[in-house]
Enquirer: 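So that we are looking at the same thing, I have put the structure below in structure tokens.
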2 protein chains.
Amino acid sequence: MAAELKPLRSDAARNRDKLVVAATQVLAERGLDAPLEHIARRAGVSIGTLYNHFPTREALLGAVLPQRLAALDEITMAALADPDPWAGFVGFLEGLFALHAEDHSLNDALAESFSPTTDVSQVCHRGFHDAQRIIGRAKASGRLRADFESQDLVTLVWAMSQVIRKSMKTDPGAWRRHLSFYLDGLRAEAARPVPDEQAV
Amino acid sequence: MAAELKPLRSDAARNRDKLVVAATQVLAERGLDAPLEHIARRAGVSIGTLYNHFPTREALLGAVLPQRLAALDEITMAALADPDPWAGFVGFLEGLFALHAEDHSLNDALAESFSPTTDVSQVCHRGFHDAQRIIGRAKASGRLRADFESQDLVTLVWAMSQVIRKSMKTDPGAWRRHLSFYLDGLRAEAARPVPDEQAV
DNA sequence: CATGAACTTGAGGGGTCCCTCAATTTCGTA
DNA sequence: TACGAAATTGAGGGACCCCTCAAGTTCATG
């Protein structure tokens, strides 16, 4: 995001690019905590070079994730543009989790409390704000139960990210089915008051 | 479960007991993959002694988990004994996840595909069989949606175990709220057909 | 109590991953 | 082309965790 203060030497720029590409792939396959050595190897570069360009894992994530989050932005915009607020809400969730399903790094990033890097968390915060609008619209339309809060979306992201992680290999359709059951509970007409929680 | 073939020497029996107690505590706190060194240290015993009694991590789990799963059995029985099949079903889920919430090792054990050890998996299989009866009863009563299958329970366990892991420290009531939304989608009158999944 | 079997100990070798830095290579320019 | 700055390399030290085994200790029995 910030302008490059020092123009990189040509080989350095090339290596940086190779690292970002490799990191994007490896992180998508193996999650946010993939070994940095793997990324360096896939980029055809030594581990020292990786650390030269990205002193911390977070710096590397900051170069990879915002790009990946752009897709989420499109989904959000499409949801807000949908004339049917409920359909927009459902489409948002389905799009969000489809992204989770195809990119392990996004899954981790969104599930891991929304804040790996400053860059990423900024993107996330904006996304979260838009998500609140999607929720608000759906509630106002009377289709989404009135007691659904944005924190419930966070909880749902936790739940779904695990469902996706566990089931993708054996049953790629499982998460849609699970979401579908959950959505049936989110419709206003299905809602029952959440029981008081007192004792544990 | 199997009778002790060789009576242990008194010090060995004492150490074994200390190890099981320590393992129960540490695993509950830190999950199934807690370092074995921690368990040995908490038992006041060397790592070598731990390996002497339990040659593999699974052997240790086999000594700890079945005991912990007994509580689940009670919950299952109570659910089957409930005159209201739906209430039994709901009570089963709430009891199951309350156990998850208070014991990290049970959470992992049940979420990690139900099969760490032979002993454990046997207990789990029996439990799973009973769970199917609970589901069947609830469906037969017409309260639980007819398309809910036992695999959906597995998926729910995955989802809830993650919700519990993520939220227990900051909001111990979050999982009940999430479950309550989900249950609202499981009532027969809330059910909508699950959309066909074809393309991904 | 003495003796051998049972048991315990903990250093240490193996593995993975983290990150650093002195030596080396490559680039851009004069 | 030759030189200094920029960039790269990869061995290596640290942190964890796994598991083993030779040496030492404790128990139970005659």
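Letters A, B, ... are given to chains in the order of the sequence lines, protein chains preceding strands, and every chain is numbered from 1.
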Enquirer: Of the listed nucleotides (dA11(C), dC17(C), dC18(D)), which one gets closest to any side-chain atom of E37(A)?
Expert: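 It is dC17(C).
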
Enquirer: For dA7(D), take OP1 and OP2 only and decide whether either is under 4.0 Å from a side-chain N or O of N52(A).
Expert: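 Answer no for this pair, as no side-chain N or O of N52(A) is under 4.0 Å from OP1 or OP2.
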
Enquirer: Between R192(A) and E189(B), does the salt bridge (Lys or Arg N to Asp or Glu O under 4.0 Å) criterion hold? Intermediate values first, please.
Expert: CA-CA 12 Å; R192(A) 309 248 174 152; E189(B) 66 269 23; 2.7 Å; yes

Enquirer: Please report the distance, rounded to the nearest Å, between CG in L50(B) and C1' in dC18(D).
Expert: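 Going from L50(B) (CG) to dC18(D) (C1'), I get 12 Å.
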
Enquirer: Verify the ring-centre separation between F148(B) and F89(B): is it less than 6.0 angstrom?
Expert: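 Close enough - the centres of the two rings lie under 6.0 Å apart.
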
Enquirer: Round to the nearest Å and state the distance from D33(A) atom CG to dC16(D) atom P.
Expert: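 Atom CG in D33(A) sits about 18 Å away from atom P in dC16(D).
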
Enquirer: Rounded to the nearest angstrom, tell me the gap between atom CG in D17(B) and atom P in dC7(C).
Expert: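 D17(B) atom CG is separated from dC7(C) atom P by 14 Å.
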
Enquirer: Can a side chain N or O of H53(B) be found less than 4.0 Å away from OP1 or OP2 on dT8(C)?
Expert: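 True: H53(B) side-chain N/O within range (under 4.0 Å) of dT8(C) OP1/OP2.
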
Enquirer: Looking at H38(B), I'd like to know whether one of its side-chain N or O atoms comes within less than 4.0 Å of OP1 or OP2 on dC16(D).
Expert: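 Indeed not, no polar side-chain atom of H38(B) lies that close.
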
Enquirer: Taking the six-membered ring for Trp and the full ring for Phe, Tyr or His, determine whether the centres of F97(A) and H100(A) are under 6.0 Å apart.
Expert: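 Between F97(A) and H100(A), the centre distance is under 6.0 Å.
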
Enquirer: Closest nucleotide of DNA chain D for R30(B) versus for D11(B): which of these residues is on the 5' side?
Expert: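 The residue mapped nearer the 5' terminus is R30(B).
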
Enquirer: Measure CG/L36(B) against P/dT8(C) and give the value in whole Å, please.
Expert: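 So the CG-P distance, L36(B) to dT8(C), works out to 16 Å.
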
Enquirer: Whole angstrom is fine here: how far is it from CZ in R41(A) over to P in dC17(C)?
Expert: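 My rounded result for the distance is 8 Å.
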
Enquirer: Nearest 0.5 angstrom please: S105(A) OG to L99(A) CG, how far?
Expert: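 It is 10.0 Å, given to the nearest 0.5 Å.
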
Enquirer: Would you say N15(A) places a side-chain N or O within less than 4.0 Å of OP1 or OP2 belonging to dA7(D)?
Expert: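 N15(A) to dA7(D) OP1/OP2: no side-chain N or O under 4.0 Å.
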
Enquirer: In terms of side-chain heavy atoms of P35(A), which of dC17(C), dT20(C), dT20(D) is nearest?
Expert: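 Selected nucleotide: dC17(C).
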
Enquirer: Which listed nucleotide (dC19(C), dA28(D), dC18(D)) is nearest to the side chain of S10(B)?
Expert: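 Ranking dC19(C), dA28(D), dC18(D) by closest atom to the S10(B) side chain puts dA28(D) first.
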
Enquirer: Looking at R57(B), I'd like to know whether one of its side-chain N or O atoms comes within less than 4.0 Å of OP1 or OP2 on dC18(D).
Expert: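 Yes, such a contact exists.
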
Enquirer: I need the CG-P distance between L8(A) and dA5(D), as an integer number of Å.
Expert: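 Computing the L8(A):CG to dA5(D):P distance gives 18 Å.
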
Enquirer: Pick the nucleotide of DNA chain C nearest each of R9(B) and S46(B); which residue has the one closer to the 5' end?
Expert: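 Comparing both residues, the 5'-ward one is R9(B).
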
Enquirer: V157(A) pairs by side chain to side chain contact (heavy atoms under 4.5 Å, CB included) with which of N107(A), D152(A), L96(A)?
Expert: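 So, applying the side chain to side chain contact (heavy atoms under 4.5 Å, CB included) to V157(A) and each of N107(A), D152(A), L96(A), only L96(A) qualifies.
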
Enquirer: What is the distance, to the nearest angstrom, from the OH atom on Y51(A) to the C1' atom on dA7(D)?
Expert: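 After rounding, the reported distance stands at 18 Å.
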
Enquirer: Closest approach to the side chain of I47(B), judged atom by atom: which nucleotide of dT20(D), dC7(C), dT9(C) is it?
Expert: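 Selected nucleotide (nearest to the side chain): dT20(D).
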
Enquirer: Let me know, please, whether P55(A) or G48(B) comes out on the 5' side of the other along DNA chain C by nearest nucleotide.
Expert: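 With P55(A) and G48(B) compared, the 5'-side residue is G48(B).
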
Enquirer: When the distance from CZ of R16(A) to C1' of dA6(D) is rounded to whole Å, what number comes out?
Expert: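 In whole Å, dA6(D) C1' and R16(A) CZ are 16 Å from each other.
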
